[in-house]
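In this text, all values refer to a predicted model and were calculated from it rather than measured experimentally. One-based numbering, in listed order, for ligands and for the atoms of each. When a residue number appears, it is its place in the shown sequence, counting from 1.
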Amino acid sequence: MRFFAGIFALSLLLSGVNGIASAQSTTPGAATLTVIRAGSLVDGTSDAPRKNQLIFVRRDRIEKIADASTQIPAGANVIDLSSSTVLPGLIDSHTHIFLWGEDPAKGGYDANILKAGIALRAARATFACRRALEQGFTTLRDVETEGAGYGDVEIKQAIAEGTIPGPRLFCATRAISSTGGYNLEDFAPELDMPKGAQIIDGPVQARKAAREQLDHGADWIKVYMTHRSWTDKQGRLVSQPTLTVEELKAIVDEAHGWQKKVACHAYNGIGLQRALDGGCDSIEHGLEITDAQIAQMASQGTWYCPTLSPYYGDWADADTPAGKRDRARAATHEISFKKALQAHLKIVFGTDIGGMPWTDSMAQEFPRMVGFGMAPMDAIHSATSRAAEMLDMKGEIGVLAQGASADVIAVAGDPLKDITALGHVRFVMHDGAIFKNEQPK
Ligand SMILES: [Zn+2]
């Protein structure tokens, strides 16, 4: 592991050995002032970067941001990122720390549940959290554990107590779908197979599932509004709807009562319409959104988390039903994304990583978004201040400003000129603790 340089390697090693020092704990001397010299500062909200800035960090907060001419007090720990672009810690609004890829050669989705016990799954989730952090993602909205119960809430607890390194987690726990609406499936009907989501039928069960999940620590509720998808005789994408409007309304009503929000997986058609009519807060994927649905999202203030990346790789052969479906999904997704951009919908960055292996780059979503016409700064905002607003954390995360959490990252080069620079994060500070500090080559 060549990620950690100098004293930071030592401090990380020590924290690994004694399990006490951590991103969240306040160790003696933590009140020391740290000053970061930023060559170029992208603050997460402004339209343009600022040159030669100083970020003053004390404990887990940004004390102030000042021009480079400002006096640095004696005794401050100075970190020189004057040759880098400095940004707020990134936010991925759609991850699955408990998924370990869906490669058919490795048993596909089902192997996650059928072949891995809960301890192995927890170890993999621990790896996922570390991977996210070292790529500069200091916050994740993790949208369900895929059969690993409330494991996400416990991983969050392990991070908070300093047992393992990891980003700030917003957990959705088990997710909710209907009978026939989630894997595992295609087994003999006599078998009572485990399901990757909590299955409900009817508004009463729907509300009960939401209550259970909120009771056990869900920060968000995740709902599946569509499940299987295929192409019809005309080659158009069709998605099987799952929950009814009444079922979704019961969930949304319950979640909103707890001041929590509801993320709805919805590809298109009836299921997407029910998601909007039922009052969901964010549409996940949204592969095919009609003009009327775009207008409804705009008027309802619905967030859109497109997760482009998973739909542009690993297509089945073109002349197979699955291959036709894969191509229809991608073609219509591009159109929907461009419509959403034009309508100024509130788009947040999400990768759906976990569905893709955690060894993949999370930043791959940035060039997808920019390739479909999103301005690079807008793409950065989708992974910083805009996501923070969705998470009700405006001003606290996704921004470099006085009083915000000290989540600071740096990349070599200028991501506004070349968005792929965000795939090469060399410095990561999370809650004021340095997790990674690679020297420039
Ligand atoms: Zn997902």
Side-chain angles (χ1 to χ4, degrees), residues 91-103 108-113 121 124-125 128-129 131-132 137 139-149 151-152 155 167 169-177 181-185 195-198 213 218-229 239-240 242-243 261-268 271-272 275 280-288 303-314 325-326 329-330 333 336-337 347-358 360-362 364-365 368-369 382-383 387 390-391:
I91 302 168
D92 188 334
S93 292
H94 192 123
T95 65
H96 300 280
I97 59 169
F98 275 93
L99 256 191
W100 200 242
E102 299 180 19
D103 182 357
Y109 174 88
D110 294 4
N112 284 280
I113 294 176
R121 297 195 73 183
R124 289 170 169 178
C129 286
R131 277 288 294 157
F137 287 84
T139 301
L140 308 180
R141 184 182 60 155
D142 197 71
V143 281
E144 88 137 313
T145 61
E146 313 286 358
D152 51 352
I155 292 287
L169 294 182
F170 288 83
C171 301
T173 73
R174 299 179 62 192
I176 299 170
S177 193
Y182 212 69
N183 316 72
L184 303 173
E185 58 201 12
K195 297 289 180 185
Q198 188 167 2
Q213 295 182 7
D219 301 304
W220 273 71
I221 297 293
K222 165 78 176 290
V223 162
Y224 285 87
M225 295 305 293
T226 62
H227 180 44
R228 296 169 176 86
S229 62
S239 299
Q240 165 212 348
T242 52
L243 302 193
K261 292 179 181 167
V262 180
C264 289
H265 168 115
Y267 276 4
N268 69 338
L272 175 55
C280 80
D281 297 293
S282 73
I283 292 289
E284 308 299 306
H285 318 301
L287 301 190
E288 184 181 33
W303 299 88
Y304 178 36
C305 186
T307 71
L308 299 168
S309 304
Y311 300 97
Y312 290 84
D314 294 330
R325 177 206 60 196
D326 292 346
R329 280 176 178 178
H333 208 180
S336 299
F337 183 80
I347 301 174
V348 290
F349 175 102
T351 56
D352 214 354
I353 192 133
M356 302 179 291
W358 274 98
D360 280 11
S361 164
M362 296 167 75
Q364 66 176 292
E365 183 74 7
R368 293 264 177 225
M369 295 170 111
S382 81
M390 182 181 76
L391 296 168

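Residues Asp219 and Lys261 fail the side-chain proximity criterion, which asks for heavy atoms closer than 4.5 Å.
Around the Zn ion (ligand 1), the protein contributes the following N, O or S atoms at distances under 2.8 Å: His94 NE2, His96 NE2, Asp352 OD1.
For His96, the ring-ring contact (aromatic ring centres under 6.0 Å, His included) test picks out His94, with sequence neighbours left out. Residues meeting the side-chain contact (heavy atoms from CB on, under 4.5 Å) test with Asp103, sequence neighbours left out: Ala105, Lys106. Residues passing the side-chain hydrogen bond (donor to acceptor under 3.5 Å, both in side chains) test with Asp152: none are found, sequence neighbours excluded.
Under 4.0 Å is where a charged nitrogen must lie from a carboxylate oxygen, and between Glu284 and Arg141 at least one such pair does.
Ring centroids of Tyr311 and Phe337 are separated by 6.0 Å or more, keeping the two rings apart.
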